[in-house]
Amino acid sequence: MPPGQPSGRVDRWIWAVRLAKTRADAARACRGGHVRVNDRAAKPATTVRVGDEVQVRLNGVTRIVDVTHIIDKRVGAPVAVRCYTDRSPEPPPQARGPVLRRDRGTGRPTKRDRRQIERLRGER
């Protein structure tokens, strides 16, 4: 493990442990209200310490992690995973509908066909 500090910026930590792809994404999530530290909304410069709970919502997925090590430089994935404990809930199972196939050479679906397909998929 790289040597850690007693505290650090939350946007930098989220980026360093690979919860966000870029530091700009992490800062944007903080400014947008998608990051909470100990159930409080976090700005990019909010301090994070060992033992804090960080909730991050990125790309429609909510991650809940407990901080176990503070780093501010991006490290490899195997090391990054050891810097937090993931307590995220399991995502709900995706409901998969029937696979729709059209005969080859029938061309584009007509408006009527499209509406029937949408009804089968449950979109309407």
Side-chain angles (χ1 to χ4, degrees):
M1 288 287 268
Q5 293 88 23
S7 65
R9 289 174 57 110
V10 70
D11 65 335
R12 202 163 187 187
W13 184 83
I14 290 170
W15 166 75
V17 298
R18 298 173 173 262
L19 294 177
K21 191 169 188 174
T22 65
R23 186 167 172 201
D25 286 345
R28 197 174 305 119
C30 291
R31 284 192 299 275
H34 301 288
V35 176
R36 299 180 70 78
V37 176
N38 297 327
D39 283 332
R40 290 195 177 135
K43 294 181 180 179
T46 300
T47 304
V48 65
R49 291 175 167 63
V50 173
D52 286 350
E53 177 189 83
V54 178
Q55 297 177 18
V56 181
R57 181 163 181 80
L58 287 169
N59 302 323
V61 177
T62 301
R63 303 278 307 267
I64 302 170
V65 296
D66 290 329
V67 179
T68 58
H69 192 75
I70 301 293
I71 56 173
D72 57 355
K73 298 279 188 195
R74 197 159 171 102
V75 293
V79 177
V81 172
R82 295 183 359 213
C83 294
Y84 62 88
T85 305
D86 197 351
R87 297 189 307 112
S88 304
E90 289 292 322
Q94 295 288 332
R96 300 202 80 152
V99 177
L100 303 173
R101 300 268 181 203
R102 290 179 48 88
D103 295 332
R104 287 182 61 94
T106 57
R108 291 178 55 181
T110 63
K111 194 174 200 178
R112 181 177 175 209
D113 292 339
R114 183 180 51 80
R115 287 183 177 151
Q116 288 175 343
I117 291 168
E118 286 176 352
R119 242 182 263 120
L120 279 173
R121 287 184 180 158
E123 295 174 3
R124 279 192 155 192

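The shortest distance between side-chain heavy atoms of Ile64 and Pro89 falls below 4.5 Å. Side-chain atoms of Asp11 and Arg23, non-hydrogen and from C-beta on, do get closer than 4.5 Å to each other. Under the 4.5 Å side-chain criterion, counting only non-hydrogen atoms from C-beta, Tyr84 is not in contact with Val54. With a 4.5 Å cut-off on side-chain heavy atoms, Asp113 and Arg108 do not count as touching.
Shortest non-hydrogen contact noted between Pro44 and Ala27 is CG-O, 3.8 Å. In plain terms, the two heavy atoms of Asp52 and Val37 that are nearest each other are OD2-CG1, 4.0 Å. In terms of heavy-atom proximity, Ala80 sits nearest to Val75 at N-CG2, 3.8 Å.
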The test is side chain to side chain contact (heavy atoms under 4.5 Å, CB included); show your working for Arg63 and Arg57 and say whether it passes. CA-CA 6 Å; Arg63 303 278 307 267; Arg57 181 163 181 80; over 6 Å; no

Could you walk me through whether Val65 and Trp13 pass the side chain to side chain contact (heavy atoms under 4.5 Å, CB included) check? CA-CA 12 Å; Val65 296; Trp13 184 83; 3.9 Å; yes

Using side chain to side chain contact (heavy atoms under 4.5 Å, CB included), reason through Thr68 and Arg82 one step at a time and then give a plain yes or no. CA-CA 8 Å; Thr68 58; Arg82 295 183 359 213; over 6 Å; no

Please evaluate residues Asp72 and Arg9 with respect to the criterion side chain to side chain contact (heavy atoms under 4.5 Å, CB included), reporting the C-alpha separation (whole Å), side-chain torsions for both, the decisive distance (0.1 Å), and the verdict. CA-CA 8 Å; Asp72 57 355; Arg9 289 174 57 110; over 6 Å; no

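In this model, no donor atom of one side chain and acceptor atom of the other lie less than 3.5 Å apart for Ser7 and Arg49.
Under a cut-off of 6.0 angstrom, the local environment of CG in Asn59 is sparse, with at most 12 non-hydrogen atoms contributed by other residues, nucleotides or ligands.
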